[in-house]
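A quick write-up on the structure given underneath.
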There are 2 protein chains.
Amino acid sequence: MDRDELLKLDNQLCFTIYACSREIIRIYRPFLAELGLTYTQYVVLLVLWEKDDITLKELGEHLYLDSGTLTPLLKKMEAAGLLFRQRSHDDERHIFIRLTEQGKELKNAAYETLQKAFCNMPISMEEASSIREQLKSLLHRLPSVRG
Amino acid sequence: MDRDELLKLDNQLCFTIYACSREIIRIYRPFLAELGLTYTQYVVLLVLWEKDDITLKELGEHLYLDSGTLTPLLKKMEAAGLLFRQRSHDDERHIFIRLTEQGKELKNAAYETLQKAFCNMPISMEEASSIREQLKSLLHRLPSVRG
DNA sequence: CGCAATTAGATTGTATCAAATCTAATCTGT
DNA sequence: ACAGATTAGATTTGATACAATCTAATTGCG
């Protein structure tokens, strides 16, 4: 590909993914607002609903986020009554994150809300699934700072 | 799909795109730093290298970004000597963005740098192109605040 | 043991993003 | 002409992201 072609916005996979990410989150935003959640708070809960009582580090590995992002986010969610942050007795360097009852309860409302949000997405389950698997394959191949 | 399946992080197209976006930008970051650019500054230049002398609004339409993001970004790039911001004489509500010679020059270095960056991506041109077209198709179907 | 290296998390500073609001300029219908 | 609606940008505020740096705790090894 020549210079001008390679540098066209339209030919950039990275930009397409970047733009898609922001536009999809924009669509989710009003639905998540009904739950009182931001998008990042929502994905934190997705992890905890699957596996509760994990360390901040493990949470960050699932989400590809570091402590600089998670620490203030989790403090806000703790203040909102969604979860607890508790240092490990064995090794005080670890912080364990546990859902409150309220945090666990929210899963039901989230399920209803997310179904509505998905209906607003002009894409079939099959197409979504196909693109998702292709991107997951790419994501797992990418060199990571987390090894 | 039942409740637990639907709410699994692994089954979320939106999260996969969101994580991919950040991880790819992370890979680009050190390469762009060689050019003295952040990722957002780089995509602004991609647009201007294709079509110079456009309004802030048109720039925002290409990038899916609004003035709240672009105004401070463009002021920083103006201060860095990459572009000029100039109000239209005909309609002073419009700001035209024009590259400086330095801004135009940077395209050559960016081409070299981006080739290097792409070599670091564990993906073939064909696969990248295929995923890109699928995501562009989705992106163009999404309802937009910009109509 | 005792010290260097490692590790987890917190903090700080910079750079996005986006919703809401504001100002100035232009357009529209009568 | 002119009031009301629309439009383009700027500003403000709040929420991420992330690199770099710091602190405290733990581990590895001679």
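Throughout, protein chains are lettered first and strands after them, A, B, ... in sequence-line order, and every chain is numbered starting at 1. Please read all numbers here as calculations on a predicted model, not as lab measurements. Computation of the quantities below employed the complete heavy-atom set of this structure, encompassing side-chain atoms and omitting hydrogens, waters and symmetry-equivalent molecules.
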Handout entry: Partners meeting side chain to side chain contact (heavy atoms under 4.5 Å, CB included) with B/S130 (sequence neighbours left out)
Key =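 Listed in chain order: A/Q134, B/Q134.
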Handout entry: Sequence-distant partners of A/D52, side chain to side chain contact (heavy atoms under 4.5 Å, CB included), two or more places apart
Key =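 With sequence neighbours excluded, A/D52 shows a side chain to side chain contact (heavy atoms under 4.5 Å, CB included) to A/L48, A/R98, A/L99, A/K104, given in chain and number order.
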Nearest-Å distance for atom pair [atom1]/[atom2], residues [X] and [N]:
X	N	atom1	atom2	answer
B/H89	C/dT26	NE2	P	13 Å
A/L63	D/dT16	CG	P	12 Å
A/Y28	C/dA18	OH	P	16 Å
A/L37	D/dA15	CG	P	13 Å

Problem - Nucleic acid contacts - residues 45-53 of chain A versus DNA chain C, non-hydrogen atoms under 4.0 Å - result: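 Hits under 4.0 Å, by residue number: none.
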Practice task
List the protein contact pattern of nucleotides 5-17 of chain C with one symbol per nucleotide (5' to 3'): B for base contact, S for sugar-phosphate-only contact, - for none; contact means a heavy-atom distance under 4.0 Å.
Solution key: --BSSBB---SSB
Using salt bridge (charged side-chain N to carboxylate O under 4.0 Å, His left out) as the criterion, list what pairs up with [X], not counting sequence neighbours.
X	value
A/R93	A/D91
A/D4	B/K107
B/E112	none

Donor-acceptor contacts, no H, no angles, side chain residues 27-40 of chain A, under 3.5 Å, sequence neighbours left out:
residue, atom, partner, partner atom, Å
A/E34, OE1, A/K116, NZ, 3.2
A/T38, OG1, A/Q41, N, 3.2
A/Y39, OH, B/F15, N, 3.3

Problem - Pair B/K136 + A/D10, salt bridge at N-O below 4.0 Å - result: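 Looking at A/D10 together with B/K136, the answer is yes, because their closest N to O distance falls below 4.0 Å.
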Please set out all donor-acceptor pairs under 3.5 angstrom arising from side-chain atoms of residues 71-82 of chain A, sequence neighbours excluded.
residue, atom, partner, partner atom, Å
A/T71, OG1, A/S67, O, 3.0
A/E78, OE2, A/R85, N, 3.1

